Amino acid sequence: MTARKEIERKLDQFEFTAFQRRVLLACYGIKEGETLSYKELAKKAGSPKAYRAVGTVMKNNPFPITIPCHRVIKSDGKIGNYSGTGGVERKKELLFKEGALDKQD
DNA sequence: TTCCTGACGCTCG
DNA sequence: GCGAGCGCCAGGA
């Protein structure tokens, strides 16, 4: 039983659409210390042009840490937003700890 | 069923 | 190089 299976099972407990699950699973696939843009994530989810909808999905992310939504940043390199605990500051902190961010601020 | 909104991206001035 | 505006898809009211 892979960890991914566990996530899929948990997501199955929520009334998520296929698109939402694809986005969350794609996000879950982001390695530690690695970042992905919303556009890239949308592409991985199978809808390259749905980057706008990706943000909506991330906001409804039920597992902010298990599913590393903080590793998703804007294509211009900026942090973007974060609805999880601590907001963008927490997001930057997590990225910094994982080595995905060179420096704070 | 339709309209509005959103953790964004790209193009134009 | 920077800022503003328009466009993209999906979900919620």
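Predicted model only: the values in this text are computed from it and were never measured. Reminder, nothing fancy here: chain letters follow the sequence lines and each chain counts from 1.
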Does A:Lys39 put a side-chain nitrogen or oxygen below 4.0 Å from OP1 or OP2 of B:dC10? yes
Counting the atoms with a prime plus P, OP1 and OP2 as sugar-phosphate, which does A:Ala50 contact under 4.0 Å by heavy atoms, base, sugar-phosphate, or nothing? sugar-phosphate
Evaluate salt bridge (charged side-chain N to carboxylate O under 4.0 Å, His left out) for A:Glu6 paired with A:Lys10, printing each intermediate quantity in order. CA-CA 6 Å; A:Glu6 285 294 309; A:Lys10 288 184 177 181; 5.5 Å; no
Gap between atoms CD and C1', on A:Glu40 and B:dG9 respectively (whole Å): 12 Å
Measure across A:Ala50 and A:Ala42 and return the closest heavy-atom pair with its distance rounded to 0.1 Å. C-CB, 4.0 Å
Atom-to-atom span, NZ of A:Lys78 to C1' of C:dG1 - whole angstrom: 12 Å
Grab the CD-C1' distance between A:Gln20 and B:dA7 for me, whole Å please. 14 Å
Between A:Ser83 and B:dA7, does any side-chain N or O lie under 4.0 Å from OP1 or OP2? no
Hey, does A:Phe19 reach any base, or is it just sugar-phosphate, or nothing, if we go heavy atoms under 4.0 Å? sugar-phosphate
Could you give the NZ-to-P distance, from A:Lys43 to C:dC8, as a whole number of Å? 18 Å
Answer whether the closest heavy-atom distance between the side chains of A:Leu94 and A:Arg71 falls below 4.5 Å. no
Under 3.5 Å, is there an N or O donor on one side and an acceptor on the other linking the side chain of A:Arg52 and the base of B:dC8? yes
Closest approach of A:Val54 and A:Val23, non-hydrogen atoms and distance? CG1-CG1, 4.0 Å
Of all the choices, C:dA10, B:dA7, C:dC8, which nucleotide is nearest to the side chain of A:Tyr82 once you look at every atom? B:dA7
What's the closest nucleotide to the side chain of A:Asn81 if the choices are B:dA7, C:dC8, C:dG11? B:dA7
Nearest-angstrom distance from the residue atom CG of A:Leu41 to P of B:dG9: 11 Å
By the 4.0 Å heavy-atom rule, please label A:Thr56 as base, sugar-phosphate, or nothing. base
So which one's nearest nucleotide on DNA chain B is more toward 5', A:Lys74 or A:Ala53? A:Ala53
Check whether any side-chain N or O of A:Thr17 sits under 4.0 Å from OP1 or OP2 of C:dA10, and answer yes or no. no
Could you state the CG-C1' distance from A:Asp76 to B:dC10, rounded to the nearest angstrom? 11 Å
Starting from P on B:dC8, measure out to OH on A:Tyr51 and report it in whole angstrom. 12 Å
What's the separation between atom NZ in A:Lys44 and atom CD1 in A:Ile30, rounded to the nearest 0.5 Å? 7.5 Å
Starting the side chain at C-beta, find the nucleotide from B:dC10, B:dA7, C:dC8 nearest to A:Lys91. B:dA7
Quick one: label A:Lys59 by what it contacts on the DNA or RNA (base, sugar-phosphate, nothing), any heavy atom closer than 4.0 Å. base
